[in-house]
Amino acid sequence: MPSITLPDGSQRDYKDAVSVYDVASDIGPGLAKAALGGFIDGELVDTSAVMENDAQLSIVTSRDEQGLHLIRHSTAHLMAQAVKQLYPEAQVTIGPVIEDGFFYDFAYEKSFTPDDLEAIEKRMAELAKNAIPIERSEISRNDAVAYFDSISEDYKAEIIRDIPAEEILSLYKQDDFTDLCRGPHVPHTGHLGHFKLMKLAGAYWRGDSDNAMLQRIYGTAWANKKDLKAHLHNLEEAEKRDHRKIGKQLDLFHLQDEAPGMVFWHPDGWTIYQAIEQYMRQRQHEQGYKEVRTPQVVDMSLWEKSGHADKFGDDMFTIDVDDKSFALKPMNCPCHVQLFNQGLRSYRELPLRLAEFGSCHRNELSGALHGIMRVRGFVQDDGHIFCTEDQIQQESAIFIDFLHSVYKDFGFTEVIYRLSTRPANRVGSDESWDKSEKALADALDAKNLDWKELPGEGAFYGPKIEFSLKDCIGRVWQCGTLQVDFSMPERLDASFVDSEGERRAPVMLHRAILGSFERFLGILIENYEGKMPLWLAPTQVRIINITDKQQDFCKNLEKTLADQGFRAHSDLRNEKIGLKIREATLGRVPYMIVIGDKEIESGKVSVRTRDAAELGPMDLDTLVSGLTLEITSRGRKPLED
RNA sequence: GCCCAUAUAGCUCAGGGGUAGAGCACUUCCUUGGUAAGGAAGAGGUCGUCGGUUCAAUUCCGACUAUGGGCUCCA
């Protein structure tokens, strides 16, 4: 006599065992039709799941997050069914749910083509239309191995062989297609239909580059047509923000074959870059950092000593000269230790904060390169804090505050925190790892920040906090980092004299806020869709004349503004005002000043923004103080207000 | 590095076994026009590189390079 309690607290009593579907039909036919699964005592199950005893039940429909999850998972199976029907020799492997959709990996001798994708999608639509029941059954592990061996699904059989022999597995059958799956799934394929196959990609079996390359098909799936459409629209919007596209449009930078992964900065791009660098320089100075500059080409022996050659030797650019081997520095820290090692250091000098806009090179895998976001030659806003163990938490706290204030100035307010702990491949004693992991965790906790741990993801020399920011369309970018390092100072013989007169190795904190300038600029471009805040815009003001008559006035105005530190440029071409406005707008110039006879006569300037707002005629002084306020407030107090 | 795709004018792209086309940009001329494209003419390309097949390759095939999407990696 099960008594079923629903989320609203109401109870329903049944004589015999009931399924989720039975309860849903009992509540109403609409719900029975919409039910995709259920939670029995908190566990997600199929609608066919049966309750023999008293239970808490909530029914899952496409309106629930879990319902959408079920839809995506079942759509992955639907795709596998379609693929097996169209290409019987293809073997199925795994097909999980991912953000916005799903993928399924297949082992198949021939390569799928975009045409195949279309055919698969078409078949999926047909199968969905037929509302094929999806039936769950159970099977012993040994029977499952035998079954999948018998139908030559080698990868499935391999997965099952790794499962303990006594376990009972579940199978899901829809027509001619049966897949091993933990489930649950929607009750029939009629619940699926709002999907689109997105792309084809290679993926290693079990994510290991030593294994076979499988073919992965990515798809997106949604509860209804509207959500699918909205998602596809969002993708188009994201594409419009692509920094490679905008970088070309705005003439900011380029890359070319002869220097893969190295950026050629054009004048306007470099202006933005310099604005960022000057800003960081000033902020770091305020924070007590001493800026330094260290060599880019350094003898291999230093990298051998630091451990980099051992761990990353293949990814370093090397130069052989006069029987000696040098490497382009892949990071700045060993050089900063050399700086620390000059002269005898006292504990009174700690914490010593060194900063460098260090130019680094890493020979990233060719397939990993991406625009200016992932490059081989880059500059970090790198810094190293040499301190004592007792100072770690304090220094971490100061750094986190600093990082927050920098992100805010760039317009980012949401930060995500991850603590990466010791990897299998590492240097240093377990004791020092214990200490450093705890110091970082304590620093985060002291600030009441919400953080997650990433076990095993730390650097080889120490644990790290990774700071990611969320852009205006919700994408997450990892930028900042704070790493504790008990190892490198010792390896590179750094020491200071403590208050007892004893020599001790300092602790080193590696830290960056922006990460690489190249990547951060790419993020800014995408976040702002090229519409840089005034303080970063390559041209802040464009002065536009109506006819040749106002040329001299415009030139004088340009000089007046430039003398006051504004990036003002005039467009005196013999073109119509409409064209010049259009080009300035497309060029994302924040402010346009139009000068005609009227303006010269009245002594007031007409100001228009790149968002087509007319700010009307205003005194030059008003404009200048407004621009100044917008710049010094980093856009928090725009001229328009 | 691995899988798939792509590479045609400065840019965005079309085309196709018989040595190339559009729009925009560019140059010149006309136009001096009040807030997102004024008009006309002109110039511009060994079709990524190197091989192969063919009477003939930019087109078909292969290799390489780069780019794009993934996988792996990210000190």
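The shown structure was predicted, so the numbers you read here are calculated from the model rather than taken from an experiment. A, B, ... follow the sequence lines: proteins, then strands. Residue 1 opens every chain.
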Name the closest nucleotide to the A/A203 side chain, picking from B/A75, B/A36, B/C71.
-> B/C71

Taking only N and O in the side chain of A/K248, is any of them less than 4.0 Å away from OP1 or OP2 of B/U12?
-> yes

Taking side chain as C-beta onward, heavy atoms only, is A/E599 less than 4.5 Å from A/I593?
-> no

Across the strands shown, which category fits A/G207 at heavy-atom distances under 4.0 angstrom: base, sugar-phosphate, nothing?
-> sugar-phosphate

Which part of the nucleic acid, if any, lies within contact of A/G587, taking any heavy atom under 4.0 Å across all strands shown: a base, the sugar-phosphate backbone alone, or nothing?
-> nothing

Nearest-angstrom distance from the residue atom CD of A/Q483 to P of B/A75 = 7 Å

Any side-chain donor-acceptor pair under 3.5 Å between A/D116 and A/Y87?
-> yes

Distance check: side-chain N/O of A/K199 vs OP1/OP2 of B/G68, anything under 4.0 Å?
-> no

First locate atom CZ of A/F566, then atom CG of A/L561, and finally report the distance between them rounded to the nearest 0.5 Å.
-> 6.5 Å

Separation of atom CD1 in A/I246 from atom P in B/U12, rounded to whole Å = 14 Å

For A/F112 and A/E599, take the nucleotide of RNA chain B holding the closest heavy atom to each; which residue's nucleotide lies nearer the 5' end?
-> A/F112

Take atom NZ of A/K110 and atom P of B/C4, then tell me their distance rounded to the nearest Å.
-> 14 Å

Could you state the atom-to-atom distance from CG of A/L579 to P of B/A36 in whole Å?
-> 11 Å

With a 3.5 angstrom cut-off on both distances, give the Watson-Crick or G-U wobble partner of B/U32, or none if there isn't one.
-> none

Grab the CZ-C1' distance between A/R376 and B/G1 for me, whole Å please.
-> 10 Å

N or O in side chain of A/R206 less than 4.0 angstrom from B/C71 OP1/OP2 = no

Any-strand Watson-Crick or G-U partner of B/C64, both distances under 3.5 Å | B/G48

For A/L214 and for A/E583, locate the closest nucleotide of RNA chain B by heavy-atom distance; then report the residue assigned to the nucleotide nearer the 5' terminus.
-> A/L214

Any side-chain N or O of A/H370 under 4.0 Å from OP1/OP2 of B/G69?
-> yes

Under 4.0 Å between a side-chain N/O of A/T547 and OP1 or OP2 of B/G33, yes or no?
-> no

Under 4.0 Å between a Lys/Arg side-chain N and an Asp/Glu carboxylate O for A/R422 and A/E437?
-> yes

Selection from B/A36, B/G33, B/C73 that lies nearest to any side-chain heavy atom of A/R374 | B/C73

Out of B/C4, B/A36, B/G1, whichever nucleotide has its closest atom nearest the side chain of A/L365 | B/G1

Touch class at under 4.0 angstrom, heavy-atom based, for A/S111 against every strand present | sugar-phosphate

Base, sugar-phosphate, or nothing: which does A/P260 touch, judged by heavy atoms less than 4.0 Å apart?
-> sugar-phosphate

Nearest-neighbour nucleotide for the A/M213 side chain, B/G33, B/C2, B/A36 considered | B/C2

Can you check whether any acceptor in the base of B/U65 is under 3.5 Å from a donor in the side chain of A/D257, or vice versa?
-> no

Separation of B/G70 atom P from A/L197 atom CG, nearest Å, is 16 Å

Across all strands shown, which nucleotide pairs with B/A22 by Watson-Crick or G-U wobble geometry, both distances under 3.5 Å?
-> B/U12

Mind checking whether A/F264 and A/F253 have side chains closer than 4.5 Å, heavy atoms only?
-> no

A/S301 and A/D299: side-chain donor and acceptor closer than 3.5 Å?
-> yes

Looking for any heavy atom pair under 4.0 Å, which part of the strands does A/A201 touch: base, sugar-phosphate only, or nothing?
-> base

Can you tell me the distance, in whole Å, between the CG atom of A/D315 and the P atom of B/U72?
-> 16 Å

Under 3.5 Å on both distances, the Watson-Crick or G-U partner of B/G17 | none

With a 4.0 Å cut-off on heavy atoms, is A/D208 in touch with a base, just the backbone sugar-phosphate, or nothing at all?
-> nothing

Do A/T294 and A/E356 have side-chain atoms, one donor and one acceptor, less than 3.5 Å apart?
-> yes

Whole-Å P distance, B/C30 and B/U49 = 41 Å

Answer yes or no: does a side-chain N or O of A/K576 lie under 4.0 Å from OP1 or OP2 of B/G38?
-> no

For B/C71, what is the paired nucleotide under Watson-Crick or G-U wobble rules, both distances under 3.5 Å?
-> B/G1

B/G1 base to A/Y204 side chain: any donor-acceptor pair below 3.5 Å?
-> yes

For B/A57, what is the paired nucleotide under Watson-Crick or G-U wobble rules, both distances under 3.5 Å?
-> none

Please check if any side-chain donor atom of A/H384 sits under 3.5 Å from a side-chain acceptor atom of A/N332, or the reverse.
-> no

Do A/C360 and A/F378 pass the side chain to side chain contact (heavy atoms under 4.5 Å, CB included) test, and can you show the C-alpha distance, the side-chain angles, and the key distance before you say yes or no?
-> CA-CA 5 Å; A/C360 297; A/F378 57 94; 3.8 Å; yes

Within the structure shown, what part of the strands sits under 4.0 Å from A/K329 by heavy-atom distance: base, sugar-phosphate, or nothing?
-> nothing

Nearest whole angstrom, please: distance from the P of B/A37 to the NZ of A/K580.
-> 14 Å

Would you indicate what A/S606 reaches in the nucleic acid, counting non-hydrogen atoms under 4.0 angstrom: base, sugar-phosphate, or nothing?
-> base

Is any side-chain N or O of A/R216 under 3.5 Å from a base N or O of B/C4, one able to act as donor and the other as acceptor?
-> no

Residue matched to B/A37 through Watson-Crick or wobble contacts both under 3.5 angstrom | none

Reckon A/L369 touches a base, only the sugar-phosphate, or nothing at all at heavy-atom distances under 4.0 Å?
-> sugar-phosphate

Classify the side chain of A/R362 versus the base of B/C74 as yes if they form a donor-acceptor pair under 3.5 Å and no if they do not.
-> no

Kindly say if A/R244 contacts the phosphate of B/U12, meaning a side-chain N or O under 4.0 Å from OP1 or OP2.
-> no

Hey, does A/G578 reach any base, or is it just sugar-phosphate, or nothing, if we go heavy atoms under 4.0 Å?
-> sugar-phosphate

Interatomic distance at P, B/A7 relative to B/C61, whole Å | 12 Å

With a non-hydrogen cut-off below 4.0 angstrom, is A/I577 in contact with a base, only sugar-phosphate, or nothing?
-> sugar-phosphate

Can a side chain N or O of A/Y218 be found less than 4.0 Å away from OP1 or OP2 on B/C71?
-> yes

Ignoring backbone atoms, test whether A/S209 places a side-chain nitrogen or oxygen under 4.0 Å from the OP1 or OP2 oxygen of B/C2.
-> no

May I ask you to say whether A/E457 pairs ionically with A/R418, meaning some side-chain N is under 4.0 Å from a carboxylate O?
-> no

So what does A/A459 hit on the nucleic acid, given a heavy-atom distance under 4.0 Å: a base, only sugar-phosphate, or nothing?
-> sugar-phosphate

A/A368 has its side chain closest, among B/C73, B/C3, B/G33, to B/C73

